[in-house]
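Labels below follow one simple rule: chain letters A, B, ... track the order of the sequence lines, proteins then strands, and each chain is numbered from 1.
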Amino acid sequence: MNKQYLLSAVTWAACISSVAIAQQSDNSMNPAISMVLQGQFADYKLNPEDYELPGFMLGGEAELAKEGFGLGHGELVISSNVDDKFFGKLTLAIAEHAGETEVELEEAYIETLALGSGFTVKAGRYFSNIGYLNSQHTHAWDFIDAPLIYRGLFGNQLIDDGIQLRWLAPTDLFIQIGVELGRGDRFPAGGASNDGKGAQAFFVELGGDVGTSHSWQLGLSHWSAKIAGRESGGHAHEGGEAEIPGYTGDSDVTGVDVVWKWAPDGNFAERNLKLQFEYFKREEVGSVELENSGPPVETTTYNGEQTGWYLQAVYQFMPQWRAGIRFDSLKSDNTGSDNNVLGEAGLDDEGHNPERTSIMIDYAHSEFSLLRLQFNRDDSYESADDQIYLQYVMSLGAHGAHQF
Amino acid sequence: MKTLIRLIASSLMLFVLPSQAAINIFACEPEWASLSEEIGGAQVKAYSATTAKQDVHRIQARPSLIARMRSADLVICTGAELEAGWLPLLLQRSTNAKVQPGQPGYFMAAEQVERLDVPEVIDRSMGDVHAGGNPHIHLDPHRILQVARHLAERLITIDPANASTYQSGLSDFTARWQASINRWEDVATPLKALSLVVHHKDWRYLLEWLGMNEVATLEPKPGLPPNAAHLASLTRLMSEQPAAMIVRTAYQQARPSEWLSDKTGIPAVELPYTVGGSDIARDLFGLFDHTILLMLQAVRP
């Protein structure tokens with residue numbers, strides 16, 4: 001055995017023992033590291049490649065999960081207090097798109113700890129605090145897929161680079177208000193207009209308890225952006241090349257969200273019910289052009305109004321087991337100077353209001369592992385699709401706390 | 001118009017400003033709210049985030065708790081990872097500098113005392129095992145007394161103007177508590193060396209104190225709900241080595257312990273576990289009074 005080999009063996013042993021010590025202290029000094037592994041089996045009646053939401057330009061993560069066996073987002077999360085004033089968090093989403101493994105920087109932000117007077121500042125890349133579901137990671141969702149309105153408006157989730165300021169009122173009733181100023185470069189914004197300060201958001205959240213068994217939260221939010229060339233997947237023709245529509249103009253999204261939770265005596269370990277409702281409306285005024293058309297490039301004025309809501313209930317009927325039902329509904333009323341171009345861009349509702357009904361049942365062996373079976377009757381476009389998912393969500397490492 | 005604005009402003013101030021008089025205490029569990037009141041008396045206003053009917057391992061980081069922590073001068077919790085699923089989020093969202101870890105306003109009771117069962121090795125396959133040892137320290141009255149001393153010191157640090165109140169609160173509590181301990185240890189002698197089946201390892205410190213033995217848990221692994229196969233194996237175990245009783249808390253399902261009791265004839269007992277867990281357990285004294293009384297009744301019906 002040569003010296004170098006021995007040395008590396010000693011180093012290894014030292015590493016292993018330091019890992020053991022770190023585990024014992026649960027990373028209390030070091031960054032908390034956690035990983036989420038997700039995967040699914042998906043079965044569709046229709047071809048998932050043909051998926052569309054008439055009246056909505058899809059982008060971001062809006063596509064359906066691959067048919068058959070597939071991996072969901074793997075997440076690697078590292079977070080820690082930086083010092084007594086700042087907290088930092090990094091989330092890498094690892095996913096496969098078109099055969100290539102992509103590492104996406106999902107979150108990378110710092111946040112003040114106890115700035116005083118109820119203020120918190122967050123800066124970097126983060127999930128916008130608009131809506132209820134938007135700021136939650138996919139592994140915390142109650143269904144495998146996003147509500148249709150999130151898929152249609154935000155490409156599943158609104159993430160931006162920027163700065164957020166929140167203020168929590170010193171009252172027993174939970175009152176939090178906040179503003180965000182963002183770069184406006186990621187879908188559904190685009191172009192980072194206004195010198196890289198293209199998007200703004202505003203939100204108000206109220207919450208409280210009713211007795212010991214009920215608790216609630218109500219949110220109002222508004223997001224607006226100046227958009228310069230938001231690209232989306234558009235509308236593919238049978239065998240033809242997909243159009244790449246681009247939108248330039250103003251965008252305004254207003255949302256309302258309500259969450260109500262119930263558990264007998266407030267004891268969530270046994271039985272509990274969660275009711276959740278969100279409504280969004282987006283108004284856009286600008287122009288759409290088909291970027292790969294022409295010359296000359298085909299263009300139209302665009303005046304869009306898109307609304308949608310979902311209502312869901314998830315009931316834990318015994319420890320480890322939950323069942324849920326969700327109903328989605330969307331509607332759009334988009335007009336422009338050239339209806340053909342609107343149609344090519346996927347902004348014509350084709351006389352159809354997308355709807356979807358989902359049911360799911362899940363089993364969580366512990367709080368770190370979850371298996372879910374979900375069925376969707378998806379009436380998003382002209383023919384209705386039956387979608388079946390079998391999913392796993394597993395967490396490794398640090399004990400993450402979940403928000404309400 | 002000006003008067004109207006002033007009127008609205010002043011009524012808003014009334015609504016917004018927290019009471020300056022008392023020290024606001026946010027307790028994660030009722031036992032710590034109760035202990036704070038024993039020592040601080042009228043000088044403290046204690047709010048308990050949970051009740052005896054709730055499993056503190058599984059609490060929602062609800063908006064009302066964030067709002068309450070915002071105005072707390074002191075956060076008193078068990079610690080040792082018991083509240084790992086919700087306390088860190090509350091601390092972070094509360095924006096309250098006074099109660100962050102390392103500050104005088106952050107007080108973890110289990111960190112003030114020696115903990116039992118600190119694991120040598122830890123792995124998630126062992127279930128919900130806490131790296132810092134068993135956190136359910138509040139059922140050992142001697143440890144309660146140690147926590148009380150540290151808590152009084154902490155209250156003095158936070159509110160030095162009322163140091164004498166906390167000192168006299170502590171000495172008064174200590175005297176009454178020590179007398180009670182003597183009484184409890186005296187009446188609980190028949191319980192010594194008895195074997196128990198417990199739902200979850202909540203009772204470690206109580207049993208250690210009274211010299212009782214835990215022979216089995218209804219949970220197959222900490223944090224996992226009892227299942228049929230495991231209960232069946234307990235029936236066999238009980239036929240060979242019968243335990244004196246099967247105990248559970250007010251927040252745990254009655255079914256598994258009642259089922260095992262039916263099969264084996266061993267009495268199943270619901271103990272208050274914490275303050276508010278029964279009519280008699282209205283404070284810490286009542287908690288131990290009733291716990292011991294119920295166990296004595298179970299073995300000498």
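Heavy-atom proximity under 4.5 angstrom to chain B picks out nothing from residues 129-140 of chain A.
The most heavy-atom pairs under 4.5 Å with chain B, out of A:Pro264, A:Ser366, A:Gly116, A:Ala169, come from A:Ala169. Per-residue heavy-atom pair counts under 4.5 Å with chain B were compared for A:Leu206, A:Asp172, A:Leu396, and the maximum is reached by A:Asp172. Ranked by heavy-atom pairs under 4.5 Å with chain A, the first of B:Val56, B:Leu87, B:Leu89 is B:Leu89. Comparing B:Arg68, B:Arg93, B:Arg70 by heavy-atom pairs within less than 4.5 Å of chain A, the highest count is held by B:Arg70. Per-residue heavy-atom pair counts under 4.5 Å with chain B were compared for A:Lys85, A:Met318, A:His365, A:Glu111, and the maximum is reached by A:His365.
Contact record, A:Leu168 with B:Ser94: CD2-O, 3.7 Å, taken as the closest heavy-atom pair. Across all non-hydrogen atoms, the minimal contact from B:Pro63 to A:Gly207 is CB-CA, 3.8 Å. Between B:Ser64 and A:Phe174, the closest heavy-atom pair is N-CB, 4.4 Å. The two atoms that bring A:Leu113 and B:Gln100 nearest to each other are CD2-OE1, 4.5 Å, heavy atoms only.
Around atom CZ of B:Arg282, no more than 12 heavy atoms belonging to other residues, nucleotides or ligands sit under 6.0 Å away. Heavy-atom contacts from other residues, nucleotides or ligands closer than 6.0 Å to CG of A:Asp83 number more than 12. The environment of B:Lys201 atom NZ is sparse: at most 12 non-hydrogen atoms of other residues, nucleotides or ligands sit within 6.0 angstrom.
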With side chain to side chain contact (heavy atoms under 4.5 Å, CB included) as the criterion, how do B:Leu224 and A:Gln320 come out once you've worked through the C-alpha distance, each side chain's angles and the decisive distance to 0.1 Å? CA-CA 9 Å; B:Leu224 295 184; A:Gln320 302 179 313; 4.2 Å; yes

Could you go through the side chain to side chain contact (heavy atoms under 4.5 Å, CB included) check for B:His57 and A:Glu367 one step at a time? CA-CA 10 Å; B:His57 299 85; A:Glu367 57 199 295; 5.9 Å; no

Side chain to side chain contact (heavy atoms under 4.5 Å, CB included) assessment of A:Lys261 paired with B:Arg62: CA-CA 10 Å; A:Lys261 292 189 185 182; B:Arg62 352 188 259 283; over 6 Å; no

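Taken from CD in B:Gln92 to CG in A:Asn81, the straight-line distance is 7.0 Å, to the nearest 0.5 Å. Separation of atoms CZ (A:Phe268) and CD1 (B:Ile59) is listed at 8.5 Å; rounding is to 0.5 Å. Rounded to the nearest 0.5 Å, atoms OG1 (B:Thr95) and CD (A:Gln176) are 8.5 Å apart. Rounding to the nearest 0.5 Å gives a distance of 9.5 Å between CG of B:Leu65 and CZ of A:Phe404.
B:Gln54 places a side-chain N or O within 3.5 Å of a backbone atom of A:Asp265 that can act as its donor or acceptor partner.
Heavy atoms closer than 4.5 Å to chain B are found in the side chain of A:Ser215, but not in its backbone. With a threshold of 4.5 angstrom between heavy atoms, B:Thr50 does not approach chain A through any atom at all. With a 4.5 Å cut-off on non-hydrogen atoms, A:Phe119 touches chain B through its backbone but not through its side chain. With a 4.5 angstrom heavy-atom cutoff, A:Ser117 touches chain B only via backbone atoms. With a 4.5 Å cut-off on non-hydrogen atoms, A:Glu270 touches chain B through its side chain but not through its backbone. Residue contact with chain A, scored on non-hydrogen atoms closer than 4.5 Å, involves the backbone and the side chain of B:Asp55 alike.
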